[in-house]
Student: 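Got a structure for you, written out below as structure tokens; questions coming shortly.
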Amino acid sequence: MNTRPPIESPSPTVVLSITFNDDCSCFAVGLNTGFCIFFAETCALRTARDFNAGVGLVQMMGKANYLGLVGGGKQPKFAGNKLILWDDLKSKSALDISALTPVRGVQLSKERIVVVLQNSVRVFKFAKPPTLLSAYETANNPWGLCCMSARRIAFPGRTTGHVQLVEIATGNVSIIPAHSSGLRAIQMSPDGELLATASETGTLIRIFSTANCARLTELRRGIDPATIFSLAFNPAGTMLACTSDKFTLHIFDVPHPKRPAPPVAANAAQPPSPRRADGGHAAGPSENSGDGKGKWGILSKIPMMPRLFSDVYSFASAPFEAGEEPVIGGLPVSETTTLGTSRPPKGVLGWLSDTTLAVVGAGKDARWEKFAIQEGIDGRRQVVREGWKRYLGGS
């Protein structure tokens, strides 16, 4: 009888990346064995493909059968410098785009394919073969930051902390000096009218109008520096959700140039909300008036006080789960890092409706959580977790 232990135990399934489609009805995850697509509302499995090799990035094109795939993990299915446009109906590659450097991000529409590289962004016409329409230089962009609406594409500028905003129809480029430090997250509202940005410092989130590049407001996530995981506008573009490595979900009101401000009659000042032992917030309203403007009470009205006393904070917050695995770890992100080998993404956001949203994490202990904004017994809004699931299997 052979009693020797196996040389190498089978590696468990690991989620390497998470992306939502444009209406957040589904989310796709790249695995070290292939990819899966889930319905975002229920976290029910929609599609699973086993390649027995890693997919570091999956980008859906709405609800169509085309997906953008990039190899990743320790045993990639595809080269890291090649985008595969996968036809899932035929289970084969429809076309591919190769680059000289690793692909960091992808955006897809029926007319455009946007390929994000470490220091450039390339826009192709959706055709066979793809036609290069334009190329833009960027600052170092290891996170593959890029977002696209029906009319505009936003990505880092050539100067650190700046954003390039491209009009798809005309090709006109506007530069927004968003931050003094490097960008960590950018996101446009579903109608493309608003742009949210956060820097590597992670204390402030800035909201810009894409029509004239004017800064509309500035939101304070907190005082201590943090790594922003994800930003997302609700479908109406009147609220913004934010997650960070403080493992707290924040919800902010945001001004929309084409929509009236929400009523704040019931938003009176309130005492601070309880805090968890790790410094995060307990579920419920933030420690401010319901519109996020009264965290410090009368201190915010005293002249010459530091600006943090008068900043706009989230109107509600709640903790989210990172899973039972360390978040810190993996390879540092550099020009040679393969997708899916740095630390797994956590806290990826997708709004299911104007008042409900999903928070999804990757890694070995990959979790889906559903939150809802509700009115409390005191008439103030609060965010409440309605359910959660380990979507790779289990509870």
Side-chain angles (χ1 to χ4, degrees), residues 15-21 27-32 35 54-61 67-74 76-86 96-109 112-124 130 132-148 153-166 178-179 181-188 195 197-200 227-231 330-348 362:
V15 177
L16 307 179
S17 67
I18 304 163
T19 57
F20 282 86
N21 64 346
F27 66 92
V29 298
L31 308 172
N32 61 336
F35 70 87
V55 176
L57 177 64
V58 185
Q59 182 65 56
M60 303 179 68
M61 191 179 77
L67 304 165
L69 305 181
V70 182
K74 295 180 180 179
K77 170 66 174 176
F78 311 106
N81 66 333
K82 181 179 290 188
L83 167 65
I84 304 296
L85 195 67
W86 182 263
D96 61 76
I97 298 173
S98 297
L100 296 177
T101 58
V103 176
R104 293 298 181 213
V106 178
Q107 295 292 323
L108 297 176
S109 73
R112 299 287 185 269
I113 301 172
V114 182
V115 180
V116 185
L117 308 177
Q118 186 90 7
N119 293 101
S120 66
V121 169
R122 302 192 174 198
V123 182
F124 295 84
L132 179 64
L133 299 176
S134 51
Y136 306 89
E137 293 183 13
T138 70
N140 198 39
N141 186 17
W143 311 108
L145 302 182
C146 182
C147 52
M148 180 167 61
I153 307 171
F155 47 84
R158 288 184 290 181
T159 302
T160 299
H162 289 196
V163 176
Q164 295 186 68
L165 193 63
V166 178
H179 301 271
S181 56
L183 296 170
R184 187 59 180 84
I186 61 173
Q187 190 58 259
M188 274 194 283
L195 173 70
T197 67
S199 74
E200 293 172 345
T227 298
I228 300 297
F229 287 160
S230 184
L231 298 173
L331 298 176
V333 176
S334 67
E335 293 185 10
T336 58
T337 302
T338 302
L339 286 174
T341 56
S342 58
R343 61 186 181 182
K346 300 288 184 180
V348 180

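Quick note: numbers below take in every heavy atom, side chains included, and nothing from hydrogens, waters or symmetry partners.
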Student: Of the non-hydrogen atoms in P130 and I97, which two are nearest, and what is the gap between them?
Tutor: CG-CG1, 3.8 Å
Student: Which distance, rounded to the nearest 0.5 Å, do you find between the CG of N21 and the CG of L67?
Tutor: 10.5 Å
Student: Using side-chain hydrogen bond (donor to acceptor under 3.5 Å, both in side chains) as the criterion, point out the one residue from H162, H179, Q187 that pairs with T197.
Tutor: H179
Student: Just by distance, with hydrogens left out, do E137 and N119 show a side-chain donor and acceptor under 3.5 Å apart?
Tutor: no
Student: Does some side-chain heavy atom of L16 sit less than 4.5 Å from a side-chain heavy atom of V55?
Tutor: no
Student: Report the residue from V114, I113, D96 that forms a side-chain contact (heavy atoms from CB on, under 4.5 Å) with L83.
Tutor: I113
Student: Grab the two heavy atoms, one from G161 and one from L183, that are nearest each other, plus how far apart they are.
Tutor: O-CD2, 3.8 Å
Student: Give the ring-plane orientation class for W86 versus F35, where under 30° counts as parallel, over 60° as perpendicular and anything between as tilted.
Tutor: perpendicular
Student: Which heavy atom in P345 sits nearest to a heavy atom in S17, and how many Å separate them?
Tutor: CG-CA, 4.1 Å
Student: Does the pair T101 and S120 meet the rule for a side-chain contact (heavy atoms from CB on, under 4.5 Å), with working shown?
Tutor: CA-CA 10 Å; T101 58; S120 66; 5.7 Å; no
Student: Check whether Q107 reaches the backbone of C146 with its side chain - one donor and one acceptor, N or O, closer than 3.5 Å.
Tutor: yes
Student: For a 4.5 angstrom cut-off between non-hydrogen side-chain atoms, does L85 reach M61?
Tutor: no
Student: Over all heavy atoms of both residues, which pair between P76 and G71 is shortest? Give the atoms and the distance, please.
Tutor: CB-C, 4.0 Å
Student: Side chains of N32 and K74, heavy atoms from C-beta outward: is any pair under 4.5 Å?
Tutor: no
Student: Would a distance-only check, ignoring hydrogens and angles, find a side-chain to backbone donor-acceptor pair under 3.5 Å from Q164 to P156?
Tutor: yes
Student: If I compare all heavy atoms of I228 with all of A185, which pair ends up nearest, and what's the gap?
Tutor: CG2-CB, 4.0 Å
Student: Is any side-chain heavy atom of V166 closer than 4.5 Å to a side-chain heavy atom of F155?
Tutor: yes
Student: Quick check: do V103 and V116 have side-chain heavy atoms less than 4.5 Å from each other?
Tutor: no
Student: Just by distance, do the side chain of S134 and the backbone of V123 share a donor-acceptor pair under 3.5 Å?
Tutor: no
Student: Rounded to the nearest 0.5 Å, how far apart are CD of E200 and OG1 of T160?
Tutor: 8.0 Å
Student: Taking all non-hydrogen atoms of both residues, which atom of F20 and which atom of Q59 are closest, and how far apart?
Tutor: O-NE2, 3.9 Å
Student: Nearest 0.5 Å please: distance from the OG atom of S98 over to the CD1 atom of I84.
Tutor: 7.0 Å
Student: One pair to check against side-chain contact (heavy atoms from CB on, under 4.5 Å): V15 and L31. What are the steps and the verdict?
Tutor: CA-CA 5 Å; V15 177; L31 308 172; 3.7 Å; yes
Student: Just so I know, are the side chains of P102 and V70 near enough to count as touching, which here means a heavy-atom distance under 4.5 Å?
Tutor: no
Student: Please examine the side chains of L108 and M60, heavy atoms only from C-beta on, and report whether any two atoms are closer than 4.5 Å.
Tutor: no
Student: Does A99 offer a backbone N or O that forms a donor-acceptor pair with the side chain of N81 under 3.5 Å?
Tutor: yes
Student: To the nearest 0.5 Å, how far apart are CZ in R184 and CG in L145?
Tutor: 7.5 Å
Student: About how many Å separate CD1 of I186 and CG of N141, when rounded to the nearest 0.5 Å?
Tutor: 7.5 Å
